[in-house]
Amino acid sequence: MTQANFADARLLVVGGAGFVGSNLVRQLLEQDPREIVIVDNLLSSDISNVPDDPRVRFVLGSITDDRILRALPEDLDFAWHLACYHGNQSSIADPFADHENNTLTSLKLFDRLKDIRSLKKVVYAAAGCAVAEKTFGTATATTEDAPVSLYHDSPYSISKLIGELYGNYFWGRYGMPLVKARFQNVFGPREILGAGRWRGTVHTVWRNVTPTFIWKALNREALPLDNGGNASRDFIFVEDMARGLIACARNGKPGEVYNLASGVETTIGDLAATINQATGNPTPVDLRPARDWDHSGKRFGSTEKSRRELGFAAEVSVREGIEKTVAWTRANRATIERCMAQHAYNMARV
Ligand SMILES: NC(=O)c1ccc[n+]([C@@H]2O[C@H](COP(=O)([O-])OP(=O)(O)OC[C@H]3O[C@@H](n4cnc5c(N)ncnc54)[C@H](O)[C@@H]3O)[C@@H](O)[C@H]2O)c1
């Protein structure tokens with residue numbers, strides 16, 4: 001395997017103020033790069049996620065902005081594209097905002113990066129949920145070559161696929177060295193509830209299941225279990241995810257797609273039990289019916305190809321990752337409360 005060197009390299013992380021992006025930037029800083037350029041419009045993130053480091057240049061704005069695109073360095077070595085319109089429910093509430101920040105972003109960024117010949121790799125954050133088979137029966141590991149449906153439950157999911165399609169096009173036509181990383185469910189420090197602007201639904205505050213459950217459990221609230229908590233996901237700790245994204249840049253083959261997954265199936269019921277235990281929450285769970293938009297049921301990702309070709313395997317168990325995330329949440333309570341509070345007016349009206 002080739003070991004690309006980040007020492008003295010010039011790196012771009014689009015969406016680098018976000019949850020995964022800010023963890024990636026921290027790991028990249030350990031590799032002695034010359035500069036990391038972050039482009040982020042803080043639509044679903046908080047400025048406190050951007051590290052105060054002289055090697056980090058933060059550009060506030062949308063990657064669809066032509067002035068920002070033109071000003072990108074011509075000697076970039078690696079780029080990661082992590083911008084999206086977060087998340088499924090927001091995209092259902094406003095498909096046009098999703099298009100602007102989840103589809104147009106990929107098209108305009110790739111169209112610019114195709115001309116930067118110094119790029120060794122462009123890594124795109126794709127979504128495993130856009131590919132996974134919809135089942136409530138026994139799940140099998142979703143492989144990279146699983147068939148992709150033309151029927152999707154959310155504009156978000158469609159946009160994530162379009163990102164792959166545009167990426168493939170710019171790779172095939174212009175040789176842009178694109179590597180696609182298909183994420184399973186990432187959890188961990190720096191996913192800040194309420195970070196960014198109001199996006200039309202309560203899920204602006206209550207982002208993904210893990211930070212929501214941890215926050216409620218720390219406040220001794222009942223954890224809501226849609227569909228009885230039977231659905232399952234593949235939870236991957238964000239530090240593993242950041243390592244996987246670096247492995248994609250180092251060892252990924254242009255044009256290829258790799259799952260970044262733990263390969264472990266965890267039911268939402270088991271996740272809730274782990275979180276209640278880690279936080280000492282004595283309140284029983286709240287069993288509820290299924291959500292109308294989510295038909296994905298049970299799923300987890302195959303880890304075989306990324307293990308074989310990237311040399312990547314997740315290392316942190318759900319239990320260990322939850323304990324670290326609970327500790328981070330306790331230590332960052334004031335920041336989370338500030339981000340949640342900025343939506344109090346809208347939250348009271350939905
Ligand atoms: N977290 C997960 O479980 C998961 C699962 C599958 C895929 N992904 C993908 O991984 C990436 C990162 O997700 P995340 O969980 O860190 O979400 P996030 O919301 O924390 O990060 C997305 C970032 O993109 C920024 N952004 C939005 N529109 C932008 C624009 N027009 N220009 C520049 N920046 C813009 C946001 O402000 C935010 O900082 C996304 O592409 C997402 O689709 C995440």
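Atoms within a ligand are numbered from 1 in the order they appear, just like the ligands themselves.
An N or O contact shorter than 3.5 Å is missing between H86 and ligand 1 by distance. Checked against a 3.5 angstrom limit, the closest N/O atoms of V14 and ligand 1 fall outside it. Residue H81 has no N or O atom closer than 3.5 Å to an N or O atom of ligand 1. Between A17 and ligand 1, a contact under 3.5 Å exists for no N or O pair. Residue Y85 has no nitrogen or oxygen atom sitting less than 3.5 Å from a nitrogen or oxygen atom of ligand 1, judged on distance alone.
Applying the side-chain hydrogen bond (donor to acceptor under 3.5 Å, both in side chains) rule to pairs touching residues 314-324 yields Q277-R319, sequence neighbours excluded.
Residue contact annotation: A126 has a non-hydrogen atom under 4.0 Å from ligand 1. Under a 4.0 Å heavy-atom criterion, G16 is not in contact with ligand 1. Residue M241 places every heavy atom at 4.0 Å or more from ligand 1.
No donor-acceptor distance shorter than 3.5 angstrom exists from the side chain of E265 to the backbone of K298, with no hydrogens or angles considered. Under a 3.5 Å cut-off, the side chain of N281 and the backbone N or O of E221 do form a donor-acceptor pair.
The backbone of L42, and not its side chain, has at least one atom closer than 4.0 Å to an atom of ligand 1 (non-hydrogen atoms only; backbone = N, CA, C, O). With a 4.0 Å cut-off on non-hydrogen atoms, K160 touches ligand 1 through its side chain and not its backbone. If you look at R207 next to ligand 1, the close heavy atoms, those under 4.0 Å, all belong to the side chain. The side chain of T105, and not its backbone, has at least one atom closer than 4.0 Å to an atom of ligand 1 (non-hydrogen atoms only; side chain from C-beta on).
L260 approaches A181 most closely through the heavy-atom pair CD1-CB, 3.6 Å.
Comparing heavy-atom distances from atom 27 (C) of ligand 1 across C84, G15, S44 singles out C84 as nearest. Relative to atom 21 (O) of ligand 1, the option among A195, A125, G18 with the closest non-hydrogen atom is G18.
Residues C84 and Y156 meet the side-chain proximity criterion, which asks for heavy atoms closer than 4.5 Å. Looking only at side-chain heavy atoms (C-beta outward), T103 and Y85 stay at 4.5 Å or farther from each other.
Cluster membership for I336 and W198, using ILVMFWY side-chain heavy atoms within less than 4.5 angstrom, is shared.
F187 meets the ring pair (Phe, Tyr, Trp, His ring centres under 6.0 Å) test with F237; sequence neighbours excluded.
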